[in-house]
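Everything on this sheet refers to the single structure shown next.
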Number of protein chains: 2
Amino acid sequence: MTETLVASQTKEAIIGFERPFCVIGERINPTGRKKLAAEMEAGDFSTVEADAIAQAAAGAHILDVNAGVTAVDPNETEPPLMRKTLDIVQAATDLPLCIDSSVPAALAAGLEVAKGRPLVNSVTGEEDRLEVILPLVAKYNVPVVAISNDETGISEDPDVRFEVAKKIVQRAADFGIKSHDIVVDPLVMPIGAMGTAGQQVFRLCRRLREELKVNTTCGASNISFGMPNRRVLTGHFLAMAASHGMTSAIMNPLHDEDMHAIFAANVLNGTDVSCRAWTKKFREAPKAAVEGVPLSEQDERRLARENRRRRRG
Amino acid sequence: MTETLVASQTKEAIIGFERPFCVIGERINPTGRKKLAAEMEAGDFSTVEADAIAQAAAGAHILDVNAGVTAVDPNETEPPLMRKTLDIVQAATDLPLCIDSSVPAALAAGLEVAKGRPLVNSVTGEEDRLEVILPLVAKYNVPVVAISNDETGISEDPDVRFEVAKKIVQRAADFGIKSHDIVVDPLVMPIGAMGTAGQQVFRLCRRLREELKVNTTCGASNISFGMPNRRVLTGHFLAMAASHGMTSAIMNPLHDEDMHAIFAANVLNGTDVSCRAWTKKFREAPKAAVEGVPLSEQDERRLARENRRRRRG
């Protein structure tokens, strides 16, 4: 029963085989959000702050924090911006954080200021990454996301990706990092470009859980890149992946489709004990209210009835 | 690559491992629909006809037809009513049908009038059922739904339910019925009453596919019985079950949640080749139109743009 502990100064989030699916909020990431990138570069963190608060309110368990505002000279610009962004987010919420960068110096800078036990995102199977990032992870005794690609790129063969993940786990062990502190990202391809992308992930989730006994995560919305009705497709992908053993995802907690999928997956995978979370969420929020439409009289009566019933115990 | 052929006089539906998930419309069933039962008893088949047409339009591949209007003397009343109901449905649509009854005489009556190759729903592992229904199935050379319970009831142990399914397949072989003509229903329990109900079905779907090599079906909405927000839960259950190998379900094609789940599952399981069905459904029907709201100007412009693009190829 593998468990990965991620923590802020005051709050824990556990990614685990027998735990409810762990929602890692993806919003604080200027990659592909030009307006946010411009704001952050100009020292305006109002959107970062608002996104932190909104994602926490929507039920995220961990917040991903990325400060990659520019491809120009990131080694210079990203470390101080990561520090600043983490300070802002830590002041805005008490959620555990995930320090997300492809720039090792930004990960190091983040680890200096992040309180508690942040998740480092990420290391790959590339030799230069392993040599730089694993010592950092070991030094701070934190968990790390391991992406299953290496120098040869991303293999289209899921069994090759499994072997890359296995290599990372073995190399991490050399640095004293336990496998329960490694969260493997099996890499999600766009289904529009590769028709087997879904089945690959499902198979990898099962193998990673049964053979390597590690937790898993992914960038969930990759699956629906370029497709119409992306949210519904991403939502179902999340529930299906969870049923094959995926234990967390970097996703958008502000999308109802994603969150409903997670709530349903927890019920159906038996990690929402006695369906308590589901019942609480949907008994208290009739459909109309969930969708932001004013309550009908019927909903109000139903809500009142539910509340009376609950008070009576 | 197991395939079960179901057919009307003019149309085929194939339930199969490498096929898109087969949607069996559940609506023509007076059990639990008092008004429909009263209408059918009074010889009014207008709702039956309307339900047949609506389900076909919504994308059902097969229509389930049940004529169980009363628990009183069903051996007398149900066979003629099954005949009549099948006549009505066969006149209203050209879809293949599923003759659904717990009364063997009603199944026999249905087989006399159903054209093509209907699916018989169902036989169980109970000795008296096997002895009466398997010869009927063999005589008409039709496929049959096998429900995995026997004289001892429904086991809570999925491995016992697997053994019951295996026994039915073996007994059917004695009558010359091939395993590809048996569609096993592993039995779906309400998740609110049994927290492991989802995981049981997922495990059974995998075993039934890998070990017995049979197609599978279920009464999908059972899973959400008694729960709030049933449709979203049932939809995610369908997609998750499909990803573990379930190949059909008796479900409500008029519920968008169910149908969107099936479309998503087909994309993610690789049975919607090149995502054609998904793209056609959602590119042609902007969200507002799907939900029955008139198109906005923006939607209309988008639709026109899409159509131009498609014409250009």
Side-chain angles (χ1 to χ4, degrees), chain A residues 190-203 205-206 223-224 226-244 256-257 260-276 278-287 290-291 302 306, chain B residues 190-203 205-206 223-224 226-244 256-257 260-276 278-287 290-291 302 306:
Chain A
I191 191 85
M194 189 189 289
T196 55
Q199 296 163 88
Q200 286 192 358
V201 172
F202 305 151
R203 178 177 156 77
C205 284
R206 289 198 306 274
I223 196 76
S224 61
M227 295 281 282
N229 205 0
R230 286 190 69 171
R231 291 192 187 188
V232 168
L233 194 56
T234 304
H236 284 293
F237 169 72
L238 278 165
M240 291 163 86
S243 84
H244 287 273
D256 277 348
E257 293 86 348
H260 291 186
I262 298 305
F263 272 81
N266 288 341
V267 166
L268 295 165
N269 291 331
T271 56
D272 177 5
V273 179
S274 304
C275 310
R276 263 183 227 123
W278 180 274
T279 307
K280 182 161 182 280
K281 182 173 180 74
F282 292 109
R283 280 239 199 276
E284 285 183 356
K287 197 160 189 289
V290 167
E291 292 174 356
R302 192 183 127 202
E306 285 301 331
Chain B
I191 191 85
M194 189 189 289
T196 56
Q199 295 163 88
Q200 286 192 359
V201 172
F202 305 151
R203 178 176 156 76
C205 285
R206 289 199 306 275
I223 195 77
S224 61
M227 297 282 281
N229 205 0
R230 286 191 70 172
R231 290 192 189 189
V232 168
L233 193 57
T234 303
H236 284 294
F237 169 71
L238 277 166
M240 293 162 85
S243 84
H244 288 274
D256 277 348
E257 293 86 348
H260 292 187
I262 296 306
F263 272 80
N266 288 341
V267 167
L268 296 164
N269 291 332
T271 56
D272 178 5
V273 179
S274 303
C275 309
R276 263 183 230 124
W278 179 274
T279 307
K280 182 160 182 279
K281 182 175 179 75
F282 292 110
R283 279 237 200 277
E284 286 184 353
K287 199 160 187 287
V290 168
E291 292 173 357
R302 193 183 127 202
E306 285 300 332

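Keep in mind that what you see is a predicted model, and the values were worked out from it rather than measured. Residue numbers start from 1 in every chain, and the chains themselves are labelled A, B, ... in the order their sequence lines are given, proteins ahead of strands.
- Between A:Cys275 and B:Gly192, the shortest heavy-atom contact is SG-CA, 4.3 Å.
- Of the possible polar contacts, one joining the A:Trp278 side chain to the B:Pro228 backbone as a donor-acceptor pair under 3.5 Å is found.
- Within the 4.5 Å cutoff, side-chain heavy atoms of B:Leu233 are placed close to those of A:Leu268.
- For B:Arg276, there are no side chain to side chain donor-acceptor pair (under 3.5 Å) partners two or more places apart in sequence or in a different chain.
- Neither the backbone nor the side chain of A:Ala197 comes within less than 4.5 Å of any heavy atom in chain B.
- Checked against a 6.0 Å centroid threshold, the rings of A:His260 and B:His236 do not count as neighbours.
- For B:Ala265, the parts lying near chain A are the backbone and the side chain together; criterion is any non-hydrogen pair under 4.5 Å.
- Expressed to the nearest 0.5 Å, how far CG of A:Asn269 lies from CD1 of B:Ile191 amounts to 8.5 Å.
- Looking at B:Leu238, neither its backbone nor its side chain comes within 4.5 Å of chain A, counting heavy atoms on both sides.
- Contacts with chain B were tallied for A:Ala261, A:Gly195, A:Gly198; A:Ala261 has the most, counting heavy-atom pairs under 4.5 Å.
- Both the backbone and the side chain of B:Ala239 come within contact range of chain A, with heavy atoms under 4.5 Å apart.
- Only the side chain of B:Phe202 comes within less than 4.5 Å of a heavy atom in chain A; its backbone stays farther off.
- Closest approach of B:His244 and A:Ser243 over heavy atoms only: NE2-OG, 2.8 Å.
- With chain B as the partner, the residue from A:Val201, A:Ile223, A:Val267 showing the most heavy-atom pairs under 4.5 Å is A:Val267.
- Here OG1 of B:Thr279 is found 10.5 Å from CG of A:Asn229. Values are rounded to the nearest 0.5 Å.
- For the side chain to side chain donor-acceptor pair (under 3.5 Å) test, residues two or more places apart in sequence or in another chain that qualify with A:Ser224 are A:Arg230, A:Thr234.
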